[in-house]
Novice: 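Got a structure for you, written out below as C-alpha cells; questions coming shortly.
Counting starts at 1 for both ligands and their atoms, following the listed order.
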Amino acid sequence: MDISVIVPLFNEDESLPHLAEWITRVMTEHKFSYEVIMVDDGSKDKSWEVIENLSKENPAYKGVKFRRNYGKSAALNVGFTHAQGDVVITMDADLQDSPDEIPELYRMIKEDGYDLVSGWKKKRYDSKLAKNLPSKLFNATTRKMSGIKLHDFNCGLKAYRKDVVKSIEVYGEMHRYIPVIAKWAGFTKIGEKVVQHRKREFGVTKFGLDRFINGYLDLFSIMFISKFSKKPMHFFGLIGSVFFLLGLISVIVLGVQKLIALSNQVPMRLITDSPYFYLALLCIVLGTLLFVTGFLAELMGRNSPTRNTYLIEKELLGDDKEEK
Ligand code: UDP
Ligand code: MG
C-alpha cells in the first residue's frame, strides 16, 4: 500500500464528508493505493456515524473511536500503530490542511529520501495575534533546543516514512514535537514543505492559549525523557554527587579549621554557630535525596511498560489488519 492518511478528529462531523471526498479525489487522480484511518477522539457529535458511512461506501476508510477525549497525540499514536502504507500522512480534519499537498509530500519521502516532511503554514488563516505570536515564540524555542530547522513544528500536515511512525510514540500533548521525537529516535533527514493553509469552515478550534504553557512543559519532558529515561541515574546522580561533594568538602574544611584552632589553643566559635555548617548540611541532605531519587527512577524505568494503552470503544480496520 502506498499511503496511509491519518486524521485525528474531535467533533468535526460537518467537515468530514468534504474532507473524505477531497482525499478520495486526490488519491484516485494519482492512482495511489491508500487507506484513510479516522481516529475519533471521543467526539460527542455525529462524527462516528459519518465515519461508519464512509467506511461502508469505501473500504479504504477505516476508523477507531475512543471512549473519551484523550487528545490529538493519543489519536495520532493509535493511527500510527495501525498504518500500513509506505508513506504515512497526518492531517487535521477541519479542512485547514489541503489534501492536494499529498502527492508532493509522498514524492519527497519516496524520491528525495526524507524520513519526515513537515508542512509549513507560511501564510496562516487563523485569528492573528492569539495564535501567530505565541506560535512564533514556540517555534523559535523548539528550533533552538532541538537543533531542527523547521518553521512550523505544530503543523498538522506531515508525512513520514513508515519506519518512523512505527518507532516513535506520542502521548500527552507531544504531537507538537514529533520532529524532535523522531530526531532522537535516529531519523535525522527532516524536511519542510510550504503548504497551503485554509480558513476553518465548520466547527471551532479545539485548542486555546493554554496549549503554549503546556507545550513548553512538554518540551522539558521530552528533552528529559529522550536523554535520561533509560538512565535517570546519570541525571540525578550527577547533580546529587555535586551537592554531596560540596557539602562534604565544606564540612571537612570546617572541621579542620576547628581542629587547628583547638590545637593552637586559639578560641573559636562552635561549628554549629557558623552559617556554612548549615549550608554544608543542606548540600549533603540534598545530594543524598537526589541520589535516592535517581535509584527510584531507575527501578521504575525497569518495571514500567513502554506503551500507553487507550480504551478503544469501536474499531473499523478491515481484515488486512495483520499485514505489515
Ligand atoms: N483534535 C483531536 N483531539 C483533540 C483536539 C483536537 O483529535 O482533543 C483534532 C481536531 O479535530 C483537528 C485537529 O486535531 O482535526 C487540529 O485541531 P484544531 O483544528 O482545533 O487546531 P488548530 O487548527 O486550531 O490549531
Ligand atoms: Mg484547525
Side-chain angles (χ1 to χ4, degrees), residues 5-20 22-23 36-51 54 61-83 88-99 101-102 118-139 142 151-158 170-178 195-215 218 308 310-314:
V5 182
I6 299 174
V7 184
L9 61 111
F10 180 50
N11 296 340
E12 308 279 6
D13 58 0
E14 285 176 289
S15 312
L16 283 182
H18 302 277
L19 180 73
W22 194 351
I23 295 179
V36 180
I37 305 177
M38 304 229 161
V39 188
D40 180 343
D41 186 10
S43 296
K44 294 271 174 277
D45 64 358
K46 299 233 172 327
S47 296
W48 183 252
E49 277 98 313
V50 176
I51 296 171
L54 287 172
Y61 280 78
K62 304 170 183 182
V64 177
K65 179 173 167 59
F66 286 160
R67 195 166 280 284
R68 69 167 180 82
N69 180 241
Y70 282 99
K72 190 174 174 184
S73 295
L76 287 174
N77 203 55
V78 165
F80 287 165
T81 46
H82 290 297
V88 177
I89 310 255
T90 60
M91 64 193 313
D92 290 354
D94 55 3
L95 294 165
Q96 290 196 278
D97 300 329
S98 157
E101 307 282 355
I102 294 176
S118 178
W120 171 15
K121 299 168 293 217
K122 202 164 180 178
K123 190 155 166 34
R124 293 183 67 143
Y125 292 90
D126 291 311
S127 48
K128 279 258 141 56
L129 260 178
K131 267 187 181 169
N132 293 3
L133 195 69
S135 134
K136 281 219 170 74
L137 262 170
F138 162 84
N139 281 309
T142 314
H151 291 89
D152 189 4
F153 283 85
N154 197 14
C155 185
L157 182 56
K158 288 196 172 61
V170 254
Y171 59 92
E173 295 283 304
M174 294 185 181
H175 54 269
R176 299 191 185 94
Y177 299 102
I178 297 184
V195 294
Q196 203 199 331
H197 188 234
R198 309 169 75 242
K199 264 208 173 62
R200 198 183 235 285
E201 280 179 49
F202 310 101
V204 289
T205 175
K206 310 297 183 299
F207 294 104
L209 266 183
D210 55 337
R211 70 162 91 188
F212 293 103
I213 300 161
N214 296 335
D218 282 333
N308 276 32
Y310 310 108
L311 280 175
I312 283 165
E313 189 174 285
K314 291 169 199 155

Novice: Please tell me if the side chains of Leu9 and Ser43 come closer than 4.5 Å, counting only heavy atoms from C-beta onward.
Specialist: yes
Novice: What protein heavy atom sits nearest atom 1 (N) of ligand 1, and how far off is it?
Specialist: Phe10 CB, 3.9 Å
Novice: Heavy atoms, side chains only, cut-off 4.5 Å: are Lys206 and Asn11 in contact?
Specialist: yes
Novice: Give me the nearest non-hydrogen protein atom to atom 17 (O) of ligand 1 as residue plus atom name, then the distance to 0.1 Å.
Specialist: Phe207 CE1, 3.6 Å
Novice: Locate the shortest heavy-atom distance separating Glu12 from Ala93; write the atom from each residue and the value.
Specialist: CG-CB, 3.9 Å
Novice: Run the contact test for Met91 against ligand 1 with a 4.0 Å cut-off on heavy atoms, strictly below, and give the result.
Specialist: no
Novice: Identify, by atom number and element, the atoms of ligand 1 in contact range of Arg200, meaning under 4.0 Å from any of its heavy atoms.
Specialist: 18 (P), 19 (O), 20 (O)
Novice: Taking backbone and side chain together, does Asp94 place any N/O/S atom at a distance below 2.8 Å from the Mg ion (ligand 2)?
Specialist: yes
Novice: Taking both backbone and side-chain atoms of Val204, is any N or O found less than 3.5 Å from an N or O belonging to ligand 1?
Specialist: no
Novice: Among Asp92, Asn154, Asp97, which one puts a heavy atom closest to atom 13 (C) of ligand 1?
Specialist: Asp92
Novice: Nearest to atom 7 (O) of ligand 1, what protein heavy atom do you find, and at what distance?
Specialist: Leu9 N, 3.3 Å
Novice: Report yes if the side chains of Asn139 and Trp120 come closer than 4.5 Å at any heavy-atom pair, otherwise no.
Specialist: no
Novice: Only heavy atoms of Gly71, strictly under 4.0 Å: list the atoms of ligand 1 that pass.
Specialist: 3 (N), 8 (O)
Novice: Out of Lys136, Lys121, Lys158, which one pairs with Asp152 under the salt bridge (charged side-chain N to carboxylate O under 4.0 Å, His left out) rule?
Specialist: Lys121
Novice: Assess Arg200 against Phe202: is NZ or CZ under 6.0 Å from the centre of the six-membered ring, and within 45 degrees of the ring's axis?
Specialist: no
Novice: Does Thr205 approach ligand 1 within less than 4.0 angstrom via side chain, backbone, both or neither, non-hydrogen atoms only?
Specialist: both
Novice: Would you call the rings of Phe138 and Phe153 parallel, tilted or perpendicular if under 30° counts as parallel and over 60° as perpendicular?
Specialist: perpendicular
Novice: What's the shortest distance from atom 4 (C) of ligand 1 to any protein heavy atom, and which residue and atom give it?
Specialist: Asp41 OD2, 3.3 Å
Novice: Could you verify whether a donor N or O on one side chain and an acceptor N or O on the other, from Ser135 and Arg124, lie under 3.5 Å apart?
Specialist: yes
Novice: Would a 4.5 Å heavy-atom cut-off, applied to side chains only, mark Ile178 and Phe80 as touching?
Specialist: yes
Novice: Do any of the N/O/S atoms of Gln96, backbone or side chain, fall under 2.8 Å from the Mg ion (ligand 2)?
Specialist: yes
Novice: Any atom of ligand 1 sitting under 4.0 Å from a heavy atom of Gly156?
Specialist: no
Novice: Among protein heavy atoms, which sits nearest to atom 19 (O) of ligand 1, and what does the distance come to when rounded to 0.1 Å?
Specialist: Asp94 OD2, 2.4 Å
Novice: Using modelled atom types and a 3.5 Å cut-off, is there a donor and acceptor pairing between side-chain atoms of Asn77 and backbone atoms of Val170?
Specialist: yes
Novice: For atom 9 (C) of ligand 1, what's the nearest protein heavy atom and its distance?
Specialist: Pro8 O, 3.6 Å
Novice: Of all the non-hydrogen atoms in the protein, which one sits nearest to atom 12 (C) of ligand 1, and at what distance?
Specialist: Glu12 OE2, 3.6 Å
Novice: Can you report which non-hydrogen protein atom sits closest to atom 5 (C) of ligand 1, along with the distance?
Specialist: Lys206 CB, 3.5 Å
Novice: Could you tell me if the side chain of Gln96 sits less than 4.5 Å from the side chain of His197, heavy atoms only?
Specialist: yes
Novice: Which bit of Asn69 gets closer than 4.0 Å to ligand 1, counting heavy atoms only: side chain, backbone, both or neither?
Specialist: side chain
